[in-house]
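One structure is given here, and the rest of the page talks about it.
In what follows, chains are A, B, ... by sequence order, proteins preceding strands, each numbered from 1.
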2 protein chains.
Amino acid sequence: MGEFQIENNIRVLRFQNGEMTQDELAQKAGVTRQTINAIEAAKYSPSLELAFKIAKVFDEPFENVFQYTKE
Amino acid sequence: MGEFQIENNIRVLRFQNGEMTQDELAQKAGVTRQTINAIEAAKYSPSLELAFKIAKVFDEPFENVFQYTKE
DNA sequence: ATATAGTGTAACATTTATTTTACATATCCG
DNA sequence: CGGATATGTAAAATAAATGTTACACTATAT
């Protein structure tokens with residue numbers, strides 16, 4: 001069925017960017033820390049807009065933060 | 001306020017890919033044609049998963065289909 | 001020891017995306 | 001003309017993302 005899944009590198013990117021906390025990232029992206037927590041934990045994936053905002057916080061190309069990978 | 005906005009090139013890409021209809025794209029992406037119509041008309045933006053699926057239908061890099069642009 | 005920061009999680013409410021059904025219009029072809 | 005195809009749109013329902021509030025756990029610092 002769902003042979004592709006969405007993955008992200010948020011956790012790694014947070015630490016690569018001055019050990020940014022979930023709350024800092026949340027504030028910079030304009031959401032709550034629970035939302036960042038849930039996305040990191042892959043409980044669900046962000047909206048397209050939030051995904052773009054997160055990539056922008058890290059100043060990274062979109063596909064460097066989110067990937068749509070097989071299995 | 002929202003100084004950035006999400007844009008997409010779905011309409012152009014449909015025609016560049018054999019004049020694919022909204023319904024064809026919808027079926028290949030696993031959604032209804034009304035969803036594709038709404039996204040093309042920018043009534044709302046797709047979920048991250050659907051955005052990835054659409055880029056995959058066109059075999060295009062993600063940022064070639066969706067952009068987060070200023071103004 | 002206790003206070004603080006960072007994190008995981010959960011229930012409930014609200015907002016947004018998507019489906020379903022349905023109707024309207026325009027074009028193209030017989 | 002009449003039928004088929006592609007598109008725009010809308011209301012109501014469901015699903016998914018996000019907010020709010022709250023509690024628990026760990027580590028670290030005072």
Task: Heavy-atom protein contacts under 4.0 Å, nucleotides 22-30 of chain D, coded B base, S sugar-phosphate only, - none - done: B--------
Backbone N/O of [Y] and side chain of [X]: donor-acceptor pair under 3.5 Å:
X	Y	answer
B:Glu63	A:Phe62	yes
B:Arg14	B:Glu19	no
B:Glu24	B:Thr21	yes
B:Arg33	B:Ala26	no

Gap between atoms [atom1] and [atom2], on [X] and [N] respectively (whole Å):
X	N	atom1	atom2	value
A:Asn8	D:dA17	CG	P	13 Å
A:Arg14	C:dA5	CZ	P	17 Å
A:Ile6	D:dA16	CD1	P	13 Å
B:Asp23	D:dG8	CG	C1'	14 Å
A:Ile54	D:dA17	CD1	P	13 Å
B:Glu40	C:dT18	CD	C1'	16 Å
B:Gln22	D:dT9	CD	C1'	12 Å
A:Ile36	C:dT9	CD1	C1'	16 Å

Open item on the list: Of the options C:dT7, C:dT19, D:dT7, whose atoms approach the side-chain atoms of B:Thr21 most closely?
Closed with: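 Closest nucleotide to the B:Thr21 side chain: D:dT7.
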Open item on the list: Would you say B:Gln67 and B:Asn9 are linked by a side-chain donor-acceptor pair, where the criterion is simply a distance under 3.5 Å?
Closed with: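 Yes.
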Open item on the list: Please determine whether the number of non-hydrogen atoms from other residues, nucleotides or ligands lying under 6.0 Å from atom NZ of B:Lys56 exceeds 12.
Closed with: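 At most 12 heavy atoms, drawn from other residues, nucleotides or ligands, come within 6.0 Å of this atom.
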For a quick test of reading the model: is some side-chain N or O of [X] closer than 4.0 Å to OP1 or OP2 of [N]?
X	N	result
A:Arg11	C:dG6	no
B:Asn37	D:dG8	yes
A:Thr32	D:dT18	no

Task: Strand-adjacent residues in residues 43-53 of chain A, judged by heavy atoms under 4.0 Å from DNA chain D - done: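 Within this stretch, A:Tyr44, A:Ser45, A:Pro46, A:Ser47, A:Leu50 sit under 4.0 Å of the strand.
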TODO: Determine whether B:Phe4 and B:Phe66 fall in the same hydrophobic cluster, where Ile, Leu, Val, Met, Phe, Trp and Tyr are linked whenever their side-chain heavy atoms lie under 4.5 Å apart.
DONE: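 B:Phe4 clusters together with B:Phe66.
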TODO: Rounded to the nearest 0.5 Å, what's the gap from CD1 on A:Ile36 to NZ on A:Lys28? Could you check?
DONE: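 One gets 12.0 Å once the value is rounded to the nearest 0.5 Å.
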Task: Atom pair OG (A:Ser45) and CD (A:Gln5), whose distance is rounded to the nearest 0.5 Å - done: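 Answer for the OG-CD pair, A:Ser45 versus A:Gln5, is 10.5 Å.
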TODO: Could you check whether A:Thr35 gets within reach of a base, just the sugar-phosphate, or nothing at all, counting any heavy atom under 4.0 Å?
DONE: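 Sugar-phosphate: the residue A:Thr35, judged by heavy atoms under 4.0 Å, touches backbone atoms but no base.
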